[in-house]
Amino acid sequence: MMDADKKSQAHRTLADTLMQDAQREATPWRSRADLAFEAVYLYALAALGAQADNYDHPDVRVLSAAAQKLGLTAAQMGPAVDYLNHRYDPVMPDNGSAYRVLLSIAKLLGADQ
């Protein structure tokens, strides 16, 4: 098993790749939003380090714990929490409208680490 630092770095590396994919103009908006969210989640896991192993994934508490650890407000992380809560909701499907805000959160989290 990888130590916490190696695992965090692996999360960051994958998040960086997903960020690049999320910004490809040929990718549909919904897919871009999903990729941006995945980057947010992986950056959150990286921020938590060894604490990330304490959660079953995906877990909204990961986003809250990472926000707290990085000094972000609930309002700053709120759109990512909402996206996770409604990601597979057949009543409130997302058409990719959250893409830009998720991308901005991912960039914020990526820069903080």
Side-chain angles (χ1 to χ4, degrees):
M1 185 162 124
M2 294 190 281
D3 68 357
D5 290 338
K6 287 183 182 178
K7 191 180 275 190
S8 288
Q9 184 56 46
H11 286 139
R12 285 187 55 72
T13 299
L14 182 53
D16 291 343
T17 300
L18 292 173
M19 284 285 290
Q20 291 174 351
D21 291 344
Q23 296 176 75
R24 295 188 198 284
E25 291 183 18
T27 304
W29 286 108
R30 171 62 196 256
S31 297
R32 291 173 82 177
D34 283 343
L35 290 165
F37 171 78
E38 292 295 335
V40 167
Y41 197 83
L42 287 165
Y43 284 133
L45 290 175
L48 293 178
Q51 293 174 328
D53 292 337
N54 296 334
Y55 301 93
D56 291 324
H57 304 288
D59 190 325
V60 72
R61 295 175 300 162
V62 167
L63 300 171
S64 301
Q68 183 177 22
K69 184 171 184 175
L70 297 172
L72 302 176
T73 66
Q76 288 174 296
M77 189 61 82
V81 170
D82 291 343
Y83 195 83
L84 178 56
N85 285 332
H86 297 289
R87 188 169 186 182
Y88 301 107
D89 186 346
V91 177
M92 294 181 59
D94 188 276
N95 62 2
S97 61
Y99 165 71
R100 292 189 198 291
V101 71
L102 291 169
L103 189 65
S104 68
I105 295 168
K107 286 179 179 179
L108 181 64
L109 290 174
D112 273 352
Q113 297 177 38

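Note that the coordinates shown come from a computational prediction; the quantities given were computed from them, not determined experimentally.
- Across all non-hydrogen atoms, the minimal contact from Asp56 to Asp59 is O-CB, 3.1 Å.
- Heavy atoms from other residues, nucleotides or ligands lying under 6.0 Å from CD of Gln9 number more than 12.
- Rounding to the nearest 0.5 angstrom, the gap separating the CZ atom in Phe37 from the CG atom in Leu63 is 5.5 Å.
- The nearest pair of heavy atoms linking Pro58 to Tyr41 is CA-OH, 3.3 Å.
- At least one side-chain heavy atom of Leu109 sits less than 4.5 Å from a side-chain heavy atom of Met77.
- A heavy-atom distance below 4.5 Å is not found between the side chains of Val40 and Tyr83.
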Show your reasoning for whether side-chain contact (heavy atoms from CB on, under 4.5 Å) applies to Asp53 and Lys7.
CA-CA 10 Å; Asp53 292 337; Lys7 191 180 275 190; 3.0 Å; yes
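- Across all non-hydrogen atoms, the minimal contact from Ala36 to Leu102 is CB-CB, 3.8 Å.
- For the pair Trp29 and Arg100, the tightest heavy-atom approach, listed with the atom from each and the gap, is CH2-NH2, 3.6 Å.
- Contact annotation: the side chain of Tyr43 never approaches that of His11 to less than 4.5 Å [non-hydrogen atoms, C-beta and beyond].
- Distance check, rounded to the nearest 0.5 Å: CD of Glu38 to CZ of Arg87 gives 4.0 Å.
- Distance check, rounded to the nearest 0.5 Å: CZ of Arg61 to CG of Leu48 gives 11.5 Å.
- Here the shortest heavy-atom pairing between Ser31 and Thr27 reads CB-CG2, 3.5 Å.
- In this structure, the side chain of Gln20 does not engage the main chain of Asp16 through any donor-acceptor pair within 3.5 Å.
- Between the side chain of His57 and the main chain of Val62, no donor-acceptor pair closer than 3.5 Å is present.
- The backbone N or O of Val101 sits less than 3.5 Å from a side-chain atom of Ser104, completing a donor-acceptor pair.
- The backbone N or O of Thr13 sits less than 3.5 Å from a side-chain atom of Thr17, completing a donor-acceptor pair.
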Determine whether Leu35 and Gln23 satisfy the following criterion, side-chain contact (heavy atoms from CB on, under 4.5 Å), listing intermediate values before the conclusion.
CA-CA 9 Å; Leu35 290 165; Gln23 296 176 75; over 6 Å; no
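- Considering all non-hydrogen atoms of both residues, Gly71 and Gln76 come closest at O-OE1, 4.5 Å.
- Under a 4.0 Å N-O distance rule, the pair Asp3/Lys6 does not qualify as a salt bridge.
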